[in-house]
Amino acid sequence: MARHLITSALPYINGIKHLGNMVGSMLPADVYSRYLRLRGHDVLYICATDEHGTPAELAAKEQGLAVDVFCAQAHDAQKAVYDGFALAFDYFGRSSSAENRDITQHFARKLNENGFIEERAIRQVYSPADGRFLPDRYVEGTCPHCGYDKARGDQCENCTRVLDPTDLINPRSAISGSTDLEVRETKHLFLLQSKLQHEVEAWVSRHEEDWPQLASSIARKWLTEGLHDRAITRDLDWGVPVPADTWPELAAEGKVFYVWFDAPIEYIGATKEWADQDPENRDWKSWWYDVDTEVRYTEFMAKDNVPFHTVMFPATELGVREPWKKVDYVKAFNWLTYYGGKFSTSQKRGVFTDQALEILPADYWRYFLIANAPESDDSSFTWEHFTATVNKDLADTLGNFVNRVLSFSRKRFGDDVPEGGTPGEAETRLGEEIATLLAEYESHMETLQFRKAAAALRALWSAGNSYLEEKAPWLEIKTDKDGAALTLRTAMNLIHLYAVVSEPFIPATAKVMREAFALENDTAAWVTADEAKTLASVPSGTPFTVPPVLFAKLTDEDLETYKERFGGTEG
């Protein structure tokens with residue numbers, strides 16, 4: 001089986017993330033990783049908190065903490081939420097790790113040796129009130145492109161355009177709010193992306209036809225506009241320090257590498273963190289170094305991160321002139337909106353992941369988010385849509401099926417899977433339908449079409465309900481007890497199949513469904529077409545239990561409570 005390296009965009013350290021962040025990177029990466037593991041592939045899913053840059057310093061300052069203390073606490077808080085969502089990372093690291101520091105400095109030295117880093121004197125914003133140069137995110141103002149009045153000096157959150165602090169209209173210090181800003185000369189390191197333009201274009205050309213249109217169009221747009229040399233150092237107290245053996249003057253001034261330079265390298269750094277925990281059995285370089293034909297590398301991210309991963313980081317890797325693994329497939333997502341307006345960490349608009357888990361278990365959110373993933377266009381979260389989806393798909397289609405079958409069978413046949421009856425035309429048709437739907441589900445998962453995969457999974461669940469309505473064992477038992485036993489046994493086999501194939505979407509519920517049957521050797525990792533057709537993996541005589549209600553239906557009162565707490569109007 002293939003080896004799959006999977007990464008999702010690193011969540012910023014400054015605060016718990018909202019549902020838009022979850023569905024735009026980490027959750028689909030987890031669903032895909034789980035699916036590949038079930039199919040027998042060797043998978044390494046890596047992520048980490050993105051801890052450098054001004055967001056960390058500003059958030060720490062706001063809380064009155066040293067930045068390293070703040071980052072350690074925030075990392076643990078984020079990891080607890082991701083555990084709550086059952087994200088099965090192989091490793092969830094930290095970009096402030098020693099491993100990332102060492103590899104980032106190695107990349108910088110190599111880029112410098114190869115002529116792709118240059119020291120330049122630039123004019124930078126200085127705040128006399130703060131007594132320091134202000135890095136990009138320490139400067140706020142009005143975006144010259146869209147007029148958004150809370151744009152940062154590196155990027156406008158509203159229109160996603162990359163900016164320089166001097167581009168902003170009416171700039172002010174994010175530290176003190178002072179508008180008494182000056183522009184002074186200072187020295188920084190620049191990555192000469194312009195010298196790598198043609199190499200990056202050639203690399204993108206070899207891959208873009210395989211990528212989703214969203215990813216390839218963004219990459220092509222950036223290349224068409226031309227790659228510009230960009231500063232990769234900043235005046236910060238927190239970050240990967242410029243190595244003194246290469247740039248002694250800048251190191252003495254306390255320069256650190258900017259977050260957009262070291263953050264993608266943390267994918268490699270986190271893999272080394274993972275390997276360093278068990279060095280005798282884990283080889284991080286086997287995933288990252290000189291492995292282009294062995295490892296398939298898939299990245300998951302929202303569209304604002306696409307330029308960094310399809311153009312900027314590949315330029316860095318190409319400039320190093322070493323055989324580092326580059327991404328094979330970029331799964332990019334549009335925005336999940338909240339009633340038509342943006343989720344926003346900074347503006348605290350929308351449902352945040354810790355709040356979501358306070359309301360309902362993770363599987364409710366996992367299924368809804370993936371079933372409505374913003375793949376081809378933006379999609380909108382509304383409480384009305386969420387409630388309708390939970391009630392129709394999870395509570396009625398899946399949950400009610402499981403409860404009806406097991407409860408009725410126990411009532412009429414006891415606590416073992418009933419025996420009797422011979423499969424007939426209805427069972428043959430059902431088996432063929434299930435095999436066909438399973439193949440569709442597999443195809444969509446293989447091509448990372450998550451909404452289509454969710455629809456195929458929903459169709460699998462619906463097929464069981466249609467079979468149950470057709471056979472009507474509650475009537476059948478009055479005239480043909482063996483026939484009713486066959487119907488229920490077939491339905492129980494469907495429940496077990498659902499448990500196996502639903503695990504990537506709803507892992508906790510899948511575990512409950514699977515454990516309902518006391519099978520001695522239940523080692524099935526997946527379901528073959530033949531197994532789907534015969535539906536005989538749970539034989540008669542197998543003890544079973546009736547689990548609690550899998551999914552509670554949400555009421556009108558619940559809906560109003562959620563809307564009152566979080567708001568439910570157009571953005």
Side-chain angles (χ1 to χ4, degrees), residues 6-9 17-36 157-161 204-205 207-224 296-311 327-344 350-351 365-386 388-390 392-393 437 439-460 462 504-505 570-571:
I6 296 171
T7 64
S8 51
K17 305 301 135 185
H18 53 67
L19 295 181
N21 291 118
M22 179 63 69
V23 74
S25 59
M26 290 175 284
L27 181 55
D30 177 73
V31 170
Y32 186 56
S33 299
R34 287 176 176 273
Y35 170 77
L36 291 175
E157 184 185 57
N158 187 57
C159 69
T160 74
R161 291 290 292 267
V204 169
S205 296
H207 293 82
E208 63 182 331
E209 289 188 6
D210 298 328
W211 294 348
Q213 192 272 337
L214 178 62
S216 58
S217 63
I218 291 174
R220 184 51 59 185
K221 176 178 180 292
W222 275 64
L223 289 169
T224 299
R296 179 169 176 78
Y297 178 19
T298 305
E299 292 179 340
F300 289 79
M301 69 200 66
K303 58 187 176 184
D304 57 330
N305 275 311
V306 169
F308 298 98
H309 293 77
T310 61
V311 175
V327 65
D328 294 299
Y329 191 83
V330 178
K331 179 61 178 180
F333 291 86
N334 286 283
W335 302 125
L336 176 70
T337 67
Y338 184 79
Y339 283 87
K342 280 188 176 182
F343 282 84
S344 172
V351 186
W365 302 103
R366 289 178 62 102
Y367 176 79
F368 173 83
L369 291 171
I370 293 297
N372 298 281
E375 291 177 293
S376 59
D377 205 347
D378 292 350
S379 62
S380 178
F381 177 93
T382 70
W383 286 108
E384 292 83 356
H385 189 198
F386 176 73
T389 300
V390 167
K392 181 180 178 182
D393 295 356
L437 291 171
E440 290 181 13
Y441 176 59
E442 292 172 351
S443 175
H444 296 317
M445 289 296 286
E446 295 288 345
T447 55
L448 288 80
Q449 298 294 312
F450 292 102
R451 293 180 72 142
K452 291 180 179 179
L457 182 60
R458 185 188 311 121
L460 280 166
S462 295
F505 281 70
E570 295 299 318

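These figures come from a predicted structure and were not determined experimentally. Heavy atoms only: backbone and side chains are in, while hydrogens, waters and symmetry mates are out.
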Worked verdict on Arg451 versus Ser376 for side chain to side chain contact (heavy atoms under 4.5 Å, CB included): CA-CA 10 Å; Arg451 293 180 72 142; Ser376 59; 5.8 Å; no

Checking Leu460 against Glu440 for the side chain to side chain contact (heavy atoms under 4.5 Å, CB included) test, could you report, in this order, the C-alpha distance in whole Å, the side-chain angles of both residues, the deciding distance, and whether it holds? CA-CA 10 Å; Leu460 280 166; Glu440 290 181 13; over 6 Å; no

What's the verdict on side chain to side chain contact (heavy atoms under 4.5 Å, CB included) for Leu27 and Ile370, showing C-alpha distance, side-chain angles and the deciding distance? CA-CA 8 Å; Leu27 181 55; Ile370 293 297; 3.8 Å; yes

Check against side chain to side chain contact (heavy atoms under 4.5 Å, CB included), Tyr367 and Thr389: CA-CA 9 Å; Tyr367 176 79; Thr389 300; 3.9 Å; yes

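Residue Lys452 qualifies as open at atom NZ: its count of foreign heavy atoms under 6.0 Å is 12 or below.
With sequence neighbours excluded, the residues that form a salt bridge (charged side-chain N to carboxylate O under 4.0 Å, His left out) with Arg458 are Asp393.
Residues Leu369 and Met22 are in side-chain contact: their nearest non-hydrogen atoms beyond the backbone lie under 4.5 Å apart.
Between Ser8 and Met26 the shortest heavy-atom distance is OG-CG, 3.5 Å. Listed here is the closest heavy atom pair of Ala302 and Trp335: CB-CZ3, 4.1 Å. Leu336 and Pro374 get closest at one heavy-atom pair: N-CG, 3.9 Å. Of all heavy-atom pairs between Ala453 and Tyr441, the closest is O-CD1, 3.3 Å. Nearest approach of Arg296 to Asp328, heavy atoms of both residues: CA-OD2, 3.3 Å. Considering every non-hydrogen atom in both Met301 and Val330, the closest pair reads CE-CG1, 3.9 Å.
Using a 3.5 Å distance cut-off with no hydrogens or angles, the side chains of Glu446 and Tyr35 do pair a donor with an acceptor. Side-chain contact annotation: His207 with Asp210, donor-acceptor N/O pair under 3.5 Å absent.
Checked against the 6.0 Å centroid threshold, Tyr339 and Trp383 do not count as a close aromatic pair.
Judged by a 6.0 Å distance limit and a 45° cone about the ring axis, Lys331 is not positioned over the six-membered ring of Tyr329.
Between Phe300 and Tyr32, the two ring planes are tilted [angle within 30° to 60°]. In this pair, Phe368 and Phe381 present their aromatic rings perpendicular. The plane angle is above 60°, beyond the 30 to 60° band.
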